[in-house]
Amino acid sequence: MLRAGADRVSGAAGHDAGSVLMDAVSLIYAGKETETPWRFRLDEFGWRDMVTALGQDTLPFAGLWCDGTDVHALFMPSPTQPLAATLALEDGRYPALSPARPVSAVYERMAYDLYGAEAMWAVDVRPLVDHDVWSATAPLASAPGPAGGHKGQISFQPSEALLAAGGVMAGAGPATGRMETPLHVAMAVSGDTILAAETVSGYAHRGLAARWRNSRLEEACRLSGRVAAGRSVAHQAAFCQAVEAACGSKLGPEASLIRVVLLELERILLHLHTLAGLARGAGAMVVASRCAWFREKILAQSAPVIGSRLLMDHCVPGGTSLHEATALGDMCTSLAKLGEEIYPGLASLWRTYPALSVRLSGVGPVAPALLDRVGLDGPVARASGRDCDGRRTQRAYHALWRLTAGRQGGTAEDRALILLDEVGESLRMLGEAGPRLGLTAGGRVDLSVEDGEGLGMTEGPWGTVQYWVRLQAGRVAQVFVHDPAPAALMVFEAALPGQDLADLPLLRQSLGVNAAALDG
């Protein structure tokens, strides 16, 4: 099938821009109501008017997905209120959102690769995960296409924009033989300076969308914990929230607090791992070893109580599953005391270690306007002066969360210092949560699984994680995941020009680029 290319962007995305008088939210609410109170079905003209309105609207975009029959777009008018628009595919096509919301291009590319759903007037039509090596094209479509023509190694063809940048073609990624993330970065370089860059993903694709379809709740939850290493709690907690919302159930206060403890423990462990990698990449081996040592001390105290070092499979639909739940309060208190002993010295060492600040201060400055354009939140946005911590709106964090902002420069140094600050804040929160835990081991809610849809959201280590889940006949019919990965990838690509080749790993780590979360 011929994909709608950039040469068609000049065609109007809306059927008559002058006729659009309402904002995007009003246009969505004007659609036909569905069984889900926050999702509305639009016709093609309504969808195209919505896209046109989004060009001047600041409505936050959370994601786009396809189910083979319809395409759905999710927005968040407020941090706790979702709003979704649904459009039936017509001959496998739909008007693209990417002219108005650039980050939706990643979702449009995924929808095409999996379902053959063609986004008309899309700004980017490159394959995302299907590089012509699968046993079938559009494998999730009702009638999958023929197998791809290549059975060997993926061959990368640079885009015209990359070729136009001049310089020498270079690349970094999984084919180089080094221990790198499964994301190929193609670059035009002049000397040691990157002139332009684009990425090729798909190496970490595991077919999660297919494996979620018609799966049991327990299996679907297990899969959600494998979306991205180091973010298992954030993904499984959001998945469980979505399932519980679809079932019309809510957790008790202690079970919700247990999930908060798991989320904050995960944040501490992943931030320390990231800080160790950044320090190692900057040549500060003493700082790196101190971060890794502190992380191991925390794991030595937490793993026997939680039940694992990886924190997988401890958030389950209806509650939590821990090895020694009644000891969780004491564990939190013990970790807070450990933090009081070690964290101040680590923070001082990081800030005073010779040349560490200088090495990171010039790497990957990210302008707030770029973050706004792609919708990236989390510590990357907070390091650029954005006040965007989702924990402030979550009831389970009431009386625990304070603030995690304060940096403005948007460089790798600012991002590292935000991570360092958040480690201290999370340790404090564990200390305050400790005395409130251990009385009932959390408890479980018996779910009555009925047909329905639900949305769940958490603040993961790198930003907002959201799950939309549709339940049908006692099983999980479909799952959509919003992770910071697509927006982080676009920021990464935009920040590479002008950087030194040697800074690429530091930039990637400091932005939290995660190929597995992107590839699905």
Side-chain angles (χ1 to χ4, degrees), residues 102-103 105-110 112-114 124-134 150 153-159 161-162 165 169-189 194-209 226-231 235 270 273-274 277-278 280-281 363-364 366 370 374 376 378-380 412 415 460-463 465 481-520:
V103 72
V106 179
Y107 300 101
E108 292 166 357
R109 292 161 64 193
M110 180 68 82
Y112 183 86
D113 285 354
L114 297 184
D124 190 346
V125 296
R126 292 177 294 162
L128 188 71
V129 292
D130 180 4
H131 297 286
D132 208 25
V133 297
W134 290 354
H150 295 93
Q153 186 176 4
I154 295 172
S155 59
F156 170 72
Q157 296 295 327
S159 68
L162 188 62
M169 292 296 114
T176 59
R178 297 189 292 270
M179 294 295 291
E180 295 182 293
T181 188
L183 180 75
H184 180 72
V185 184
M187 297 168 285
V189 300
I194 301 172
L195 302 177
E198 58 188 33
T199 58
V200 181
S201 58
Y203 297 94
H205 181 64
R206 292 146 291 165
L208 293 177
R226 275 75 180 167
V227 172
R231 307 180 194 176
H235 278 262
L270 186 58
H273 176 75
T274 303
L278 287 170
R280 191 179 303 112
V363 175
V366 175
L370 173 59
V374 302
L376 182 61
V380 175
R415 295 189 284 274
W462 286 104
V465 175
V481 182
H482 165 90
D483 185 272
L489 179 72
M490 296 189 75
V491 171
F492 176 62
E493 287 183 330
L496 278 172
Q499 294 295 305
D500 192 281
L501 272 171
D503 294 340
L504 192 150
L506 292 174
L507 180 59
R508 185 183 64 237
Q509 283 185 310
S510 73
L511 291 173
V513 176
N514 190 296
L518 178 76
D519 290 345

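Start at 1 with the first residue, then count along the sequence. Values in this document were obtained by computation on a predicted structure and should not be read as measured data.
- A heavy-atom distance below 4.5 Å is not found between the side chains of Tyr112 and Val125.
- Scanning both residues, Gly230 and Pro461, for their nearest heavy atoms gives O-CG, 4.0 Å.
- Using a distance-only test at 3.5 Å, with no hydrogens or angles considered, no donor-acceptor pair links the side chain of His184 to the main chain of Glu198.
- Between Met169 and Leu162 the shortest side-chain heavy-atom distance falls below 4.5 Å.
- Shortest non-hydrogen contact noted between Val189 and Leu501 is CG1-CD2, 4.0 Å.
- Taking CG of Leu507 as the reference point, atom CZ of Arg415 lies at 6.0 Å (rounded to 0.5 Å).
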Determine all donor-acceptor pairs shorter than 3.5 Å in which one atom belongs to a side chain in residues 512-520; sequence neighbours excluded.
residue, atom, partner, partner atom, Å
Asn514, OD1, Ala516, N, 3.1
Asn514, OD1, Ala517, N, 2.9
Asp519, OD1, Gly202, N, 3.0
Asp519, OD2, Gly202, N, 3.1
Asp519, OD2, Tyr203, N, 3.4
Asp519, OD2, Ala204, N, 2.9

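- Contact record, Ile194 with Leu496: CB-O, 3.6 Å, taken as the closest heavy-atom pair.
- Atoms CZ and CD, on Arg280 and Gln509 in that order, are 8.0 Å from each other to the nearest 0.5 Å.
- Side-chain atoms of Leu511 and Val366, non-hydrogen and from C-beta on, do get closer than 4.5 Å to each other.
- Across Val380 and Ser510, no two heavy atoms sit closer than the pair CG2-O, 4.0 Å.
- With hydrogens and angles ignored, the 3.5 Å screen pairs no side-chain donor or acceptor of Asp503 with any backbone N or O of Val363.
- Leu504 places a side-chain heavy atom less than 4.5 Å from the side chain of Phe492.
- Scanning both residues, Ala494 and Leu370, for their nearest heavy atoms gives CB-CD2, 3.7 Å.
- Considering CG of Asp124 and CZ of Arg109, their distance stands at 4.5 Å, rounded to 0.5 Å.
- The minimum heavy-atom distance between Pro484 and Val465, with the atom names listed, is CD-CG2, 4.4 Å.
- Atom-to-atom distance recorded for Arg206:CZ and Arg226:CZ is 11.0 Å, nearest 0.5 angstrom.
- Within the 4.5 Å cutoff, no side-chain heavy atoms of Arg508 are placed close to those of Val185.
- Evaluation of the side chain to side chain donor-acceptor pair (under 3.5 Å) test over residues 489-499, restricted to residues two or more places apart or in two chains, returns Thr199-Glu493.
- Between Leu376 atom CG and Trp462 atom CH2 the span is 9.5 Å, to the nearest 0.5 Å.
- Side-chain atoms of Arg231 and Asp483, non-hydrogen and from C-beta on, do get closer than 4.5 Å to each other.
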